Visitor: 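Below: one structure in structure tokens.
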Protein chains: 2
Amino acid sequence: MDMTRHSRSNLAGVLRQHGINPTHQRIEIARALFARFEHLSADQILALVNEGHPETSRATVYNTLNLFVQRGLIREVIVDPSKVFYDPNTQPHYHIYDVRTGRLADIDADSVRVTGLPDLPPGMVTEGVDIILRVRSAAPESEAAVQGAA
Amino acid sequence: MDMTRHSRSNLAGVLRQHGINPTHQRIEIARALFARFEHLSADQILALVNEGHPETSRATVYNTLNLFVQRGLIREVIVDPSKVFYDPNTQPHYHIYDVRTGRLADIDADSVRVTGLPDLPPGMVTEGVDIILRVRSAAPESEAAVQGAA
DNA sequence: ATGCGAATTAGACACAGTCCAATTGCTGGA
DNA sequence: TCCAGCAATTGGACTGTGTCTAATTCGCAT
Ligand SMILES: [Mn+2]
Ligand SMILES: [Mn+2]
Ligand SMILES: [Zn+2]
Ligand SMILES: [Zn+2]
């Protein structure tokens, strides 16, 4: 049996470990994320799993991504107001985001130290600490006319 | 002339200082944000400026908020995948976000120290560093059925 | 009063994401 | 092998946020 790092059979085991019934569609979606190990939007994943012959619907892609997030297999990254990115890396880490190109990359958490964050109100727990370094090329922006400019 | 902190005439001056022609609608939108000094969504602002008699269109609210952001009068906060929050506070500061209630509050930057962020690739400049402390009540979630759960 | 550029507007549109009822697929038992 | 039952998938309608556009209105200078 093929046991390469992100073979279908191996992925099926990972899904089971997270309490997810490994169907064909779910394995393909997991493979899109884990084989590349990149931040992908739902739309990109839909395109990837359907290249060649279509085999997974949009509804299933969204269902599955939400299920994966809920089960802790992947996480969401909220950096772009127009779409969510899905992140196969669930280790604590931070992000650098190019606001021009939309490129999103990881920052290793080990080197980063954050101090002085406030105590949480009682009865509250931390879901996570997001750090996003928003960057852009220093080159002057290709000016686009903006309606409503004074 | 009324010169209270967020009077219309005072706000008009602030707009002019940012190169923005102070129209009635723009002043009302600025007032919604600066009088409360809270994080508001476009929808909330639209409702606020139109309570009582309607006087500002949805298009104008979006036009104006984008203009304000572009001119550095306010800034966007991206924490919720479904909508942008607009922040009248342009001082460097961070955010605490309750993922259950959607409540968004400021964290003073003075007390927080972040070290070890990577050097930027050459030719890149920082647009900003966002830190979002995602929290929720420790009480068990009111369980909502999730379609597609295994 | 008139003219003119800027601002505003209604409504169409784009598009991410959700919802739903109907269908398909899988599995375990007769 | 057939069937029942349940889980998963599906197309397509729907929602909500945000953008776009062409037409109108506004504010102001003459
Ligand atoms: Mn296939
Ligand atoms: Mn009014
Ligand atoms: Zn990441
Ligand atoms: Zn803030």
Side-chain angles (χ1 to χ4, degrees), chain A residues 12 15-16 18-30 32 39-50 53-71 74 76-86 102 104 144-150, chain B residues 8-9 12 15-16 18-30 32 39-50 53-71 73-74 76-86 102 144-150:
Chain A
L15 296 194
R16 273 190 217 94
H18 285 80
I20 298 164
N21 189 10
T23 65
H24 178 73
Q25 286 89 340
R26 287 169 177 175
I27 289 169
E28 290 301 316
I29 289 167
H39 309 89
L40 298 174
S41 67
D43 238 35
Q44 291 176 305
I45 291 165
L46 178 62
L48 285 171
V49 297
N50 286 328
H53 53 106
E55 62 180 320
T56 306
S57 71
R58 195 163 59 114
T60 295
V61 169
Y62 279 104
N63 286 347
T64 299
L65 290 171
N66 288 336
L67 176 64
F68 285 4
V69 168
Q70 196 188 302
R71 291 291 206 278
I74 63 176
E76 295 180 333
V77 183
I78 315 294
V79 287
D80 182 318
S82 77
K83 67 173 99 57
V84 171
F85 285 99
Y86 293 90
L104 180 61
V146 173
Q147 190 196 17
Chain B
R8 287 179 182 76
S9 59
L15 296 194
R16 273 189 219 97
H18 286 80
I20 298 164
N21 190 9
T23 65
H24 178 74
Q25 286 90 340
R26 287 169 177 174
I27 289 169
E28 290 302 315
I29 290 167
H39 309 90
L40 298 173
S41 67
D43 239 34
Q44 292 176 304
I45 291 165
L46 179 61
L48 285 171
V49 297
N50 287 328
H53 54 103
E55 61 180 320
T56 305
S57 72
R58 196 163 59 115
T60 295
V61 168
Y62 279 103
N63 285 347
T64 299
L65 290 171
N66 288 335
L67 177 63
F68 285 4
V69 168
Q70 195 190 303
R71 291 292 206 277
L73 185 62
I74 63 177
E76 296 180 332
V77 183
I78 315 294
V79 287
D80 182 318
S82 77
K83 65 172 100 56
V84 171
F85 285 100
Y86 293 91
V146 173
Q147 190 196 17

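This is a predicted model, so every value here is computed, not measured. Proteins get letters first, then strands, A, B, ... in listed order; numbering begins at 1 in each.
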Visitor: Tabulate protein N/O versus nucleotide N/O from nucleotides 26-30 of chain D, keeping only pairs under 3.5 Å, one per line.
Guide:
none

Visitor: Output the rounded distance in Å from CD (B:E55) to P (C:dA7).
Guide: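 To the nearest whole Å, that distance equals 18 Å.
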
Visitor: When you check the phosphate oxygens OP1 and OP2 of C:dG25, does a side-chain N or O of A:Q25 lie under 4.0 Å from one of them?
Guide: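 No, outside the criterion.
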
Visitor: Side chain to side chain contact (heavy atoms under 4.5 Å, CB included) with A:S82: which residues, sequence neighbours excluded?
Guide: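 Here the qualifying residues are A:D80.
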
Visitor: For the atom pair OG1 (B:T60) and CG (B:L67), what is the distance rounded to the nearest 0.5 Å?
Guide: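 Reported to 0.5 Å precision, the distance equals 11.5 Å.
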
Visitor: In Å, rounded to the nearest 0.5 Å, how long is the span from CD1 of B:I29 to CG of B:L15?
Guide: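 Going from the CD1 atom of B:I29 to the CG atom of B:L15 covers 10.0 Å.
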
Visitor: CD/A:E76 to OH/A:Y86 distance, rounded to the nearest 0.5 angstrom?
Guide: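 Reported to 0.5 Å precision, the distance equals 5.0 Å.
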
Visitor: As an exercise, state the distance from CZ of A:F85 to CD1 of A:I78, rounded to the nearest 0.5 Å.
Guide: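 It comes to 10.5 Å.
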
Visitor: Using a cut-off of 4.0 Å on non-hydrogen atoms, how would the nucleic acid contact of B:T60 be classed: base, sugar-phosphate, or nothing?
Guide: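 Counting heavy atoms under 4.0 Å across all strands, the contact made by B:T60 includes a base.
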
Visitor: For A:T23, give me all partners under side chain to side chain contact (heavy atoms under 4.5 Å, CB included), at least two apart in sequence or on another chain.
Guide: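 A:T23: side chain to side chain contact (heavy atoms under 4.5 Å, CB included) contacts with A:Q25, A:R26.
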
Visitor: Could you give the CG-to-P distance, from B:L67 to C:dA6, as a whole number of Å?
Guide: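 After rounding, the reported distance stands at 14 Å.
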
Visitor: To the nearest 10 degrees, how far apart in direction are the end axes of the helix from C:dA1-D:dT30 to C:dA30-D:dT1, each fit to five base pairs?
Guide: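 End axes: 0° apart.
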
Visitor: Set out, line by line, the N/O atom pairs under 3.5 Å between protein and nucleotides 15-19 of chain D.
Guide:
residue: D:dG18; atom: OP1; partner: B:V84; partner atom: N; Å: 3.0
residue: D:dG18; atom: OP2; partner: B:Y62; partner atom: OH; Å: 3.0
residue: D:dG18; atom: N7; partner: B:R58; partner atom: NH1; Å: 2.8
residue: D:dG18; atom: O6; partner: B:R58; partner atom: NH1; Å: 3.4
residue: D:dG18; atom: O6; partner: B:R58; partner atom: NH2; Å: 3.2
residue: D:dT19; atom: OP2; partner: B:N66; partner atom: ND2; Å: 3.2

Visitor: Provide, to the nearest angstrom, the distance between the CG atom belonging to B:N21 and the P atom belonging to D:dT25.
Guide: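 To the nearest whole Å, that distance equals 20 Å.
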
Visitor: In Å, rounded to the nearest 0.5 Å, how long is the span from OG1 of B:T64 to CD of B:E28?
Guide: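 So the OG1 of B:T64 and the CD of B:E28 are separated by 11.5 Å.
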
Visitor: For A:L40, check side chain to side chain contact (heavy atoms under 4.5 Å, CB included) against everything at least two apart and list the hits.
Guide: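 Applying side chain to side chain contact (heavy atoms under 4.5 Å, CB included) to A:L40 gives A:L33, A:R36, A:E38, A:Q44, A:I45, A:L48.
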
Visitor: Roughly, in whole Å, what's the span from CD1 in A:I29 to C1' in D:dT10?
Guide: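 These atoms are roughly 13 Å apart.
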
Visitor: How many Å lie between CD1 on A:I45 and C1' on C:dG17, as a whole number?
Guide: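 Taking atom C1' of C:dG17 as the reference, CD1 of A:I45 is at 14 Å.
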
Visitor: At under 4.0 Å, does any side-chain N or O of A:T23 touch on OP1 or OP2 of D:dT9?
Guide: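 Yes, because at least one side-chain N or O of A:T23 sits under 4.0 Å from OP1 or OP2 of D:dT9.
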
Visitor: Rounded off to whole Å, could you give me the CG-to-P distance for the A:L46 and C:dC15 pair?
Guide: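 Taking atom P of C:dC15 as the reference, CG of A:L46 is at 15 Å.
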
Visitor: Just to confirm, is there a sub-4.0 Å distance from OP1 or OP2 of D:dA8 to any side-chain nitrogen or oxygen of A:N63?
Guide: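 No, because none of the side-chain N or O atoms of A:N63 sits under 4.0 Å from OP1 or OP2 of D:dA8.
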
Visitor: With a 3.5 Å distance limit and no angle check, can you tell me whether B:N50 reaches the backbone of B:T56 through a side-chain donor-acceptor pair?
Guide: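 Such a contact is found between B:N50 side chain and B:T56 backbone.
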
Visitor: Would a 4.5 Å heavy-atom cut-off, applied to side chains only, mark B:L46 and B:Y62 as touching?
Guide: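 Of all side-chain heavy-atom pairs linking B:Y62 with B:L46, none is under 4.5 Å.
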
Visitor: Between NE2 of A:H18 and CD1 of A:I74, what distance do you get to the nearest 0.5 Å?
Guide: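 So the NE2 of A:H18 and the CD1 of A:I74 are separated by 10.5 Å.
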
Visitor: Under 4.5 Å between any side-chain heavy atoms of A:L65 and A:V69, yes or no?
Guide: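 Not in contact.
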
Visitor: Choose from C:dA7, C:dA10, D:dG11 the nucleotide whose nearest atom is closest to any side-chain atom of A:S57.
Guide: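 Selected nucleotide (nearest to the side chain): D:dG11.
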
Visitor: I need the CG-C1' distance between A:N50 and D:dT10, as an integer number of Å.
Guide: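 Distance check: A:N50 CG to D:dT10 C1' gives 12 Å.
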
